[in-house]
Amino acid sequence: MAVIFVYGTLKRGGENHRYLDGQAFLGEGRTEAAYRLYLLDGYPGLVAADGGGVAVAGELWDVDEEALRRIDVLEGTKVGLYRRAPVRLQPPHDQAAAETYFYARSIAGCEDLGAAYPVERSKSDPHEIIGARRPRTPHPPKAAEIAIDPDAEAEEPSPMD
Ligand code: PCA
C-alpha cells in the first residue's frame, strides 16, 4: 500500500478518478506552501517552487500496488511526463509519507492555477468535446490590470486634522 496526494484529474469528480475505484479515501489535504500548480493541456501539473510557493489543495488516498502501477502508467512516469516523489503536506497529514506526481517537463507559458485545480476544467468536459462553448468563470483581474483612476477624488480631510 502507498499513500498518494492527488491534486488534479484523479480527484473525486475528476476525469481520471476511476483509477481510484476501490481505493481508500483518507481525506482532503493541503501541501506546505512550497509548490506551484500550472494548467498544462487540460490537466494540471504541480512543481516545487523556488520561493513563492502556495499550499496546493488535494486529496489523500491509500492505494494498493496494482492501482499505483496503473496510475504510474496514466501519468507517464516511465516517459518522463510526471515523476512520483514525496510531497510535504500540512497537518493532519504531515506524517503520512505521501507521494505525489510532480510535473517533469517545462511549465513555460502555462497558466498559473494558484492553489487548486477545479476538476470541472478537465479536458473531457462534454461541452468542449462537441466544440460548444461553455461559460467560464471570469478570472479576477490581476493587480496590474486594475486601472487606477487619476481623477478619483481624494478623501476629504477630516475636521479633526
Ligand atoms: N493527475 C494527477 C497528477 C495530475 C493529474 O491530472 C493527480 O490528479 O494528482
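Atoms within a ligand are numbered from 1 in the order they appear, just like the ligands themselves.
Between Ile71 and Leu10 there is a side-chain heavy-atom pair separated by less than 4.5 Å. Two residues are said to be in side-chain contact when any heavy atoms from C-beta on lie closer than 4.5 Å; Gln23 and Asp64 meet this criterion. Side-chain atoms of Arg105 and Leu81, non-hydrogen and from C-beta on, do get closer than 4.5 Å to each other.
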Any protein N or O within less than 3.5 Å of an N or O in ligand 1? List each pair with its distance, or say none.
{"unit_1": "ligand 1", "atom_1": "1 (N)", "unit_2": "Thr9", "atom_2": "OG1", "d": "3.3"}
{"unit_1": "ligand 1", "atom_1": "1 (N)", "unit_2": "Glu75", "atom_2": "OE2", "d": "2.9"}
{"unit_1": "ligand 1", "atom_1": "6 (O)", "unit_2": "Thr9", "atom_2": "N", "d": "3.0"}
{"unit_1": "ligand 1", "atom_1": "6 (O)", "unit_2": "Thr9", "atom_2": "OG1", "d": "2.8"}
{"unit_1": "ligand 1", "atom_1": "8 (O)", "unit_2": "Gly8", "atom_2": "N", "d": "2.8"}
{"unit_1": "ligand 1", "atom_1": "8 (O)", "unit_2": "Thr9", "atom_2": "N", "d": "3.2"}
{"unit_1": "ligand 1", "atom_1": "8 (O)", "unit_2": "Leu10", "atom_2": "N", "d": "3.0"}
{"unit_1": "ligand 1", "atom_1": "9 (O)", "unit_2": "Tyr7", "atom_2": "N", "d": "2.9"}
{"unit_1": "ligand 1", "atom_1": "9 (O)", "unit_2": "Gly8", "atom_2": "N", "d": "3.4"}

Legend entry - Residues Leu26, Val3; criterion side-chain contact (heavy atoms from CB on, under 4.5 Å); working and verdict: CA-CA 9 Å; Leu26 301 177; Val3 175; 3.9 Å; yes
Inset, instruction - Assess whether side-chain hydrogen bond (donor to acceptor under 3.5 Å, both in side chains) is satisfied between Asp72 and Tyr82, documenting all intermediate values. - result: CA-CA 8 Å; Asp72 281 353; Tyr82 288 86; over 6 Å; no
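Residue pairs that meet the side-chain hydrogen bond (donor to acceptor under 3.5 Å, both in side chains) test with at least one member in residues 49-59, sequence neighbours left out, are Arg12-Glu59, Glu59-Trp61.
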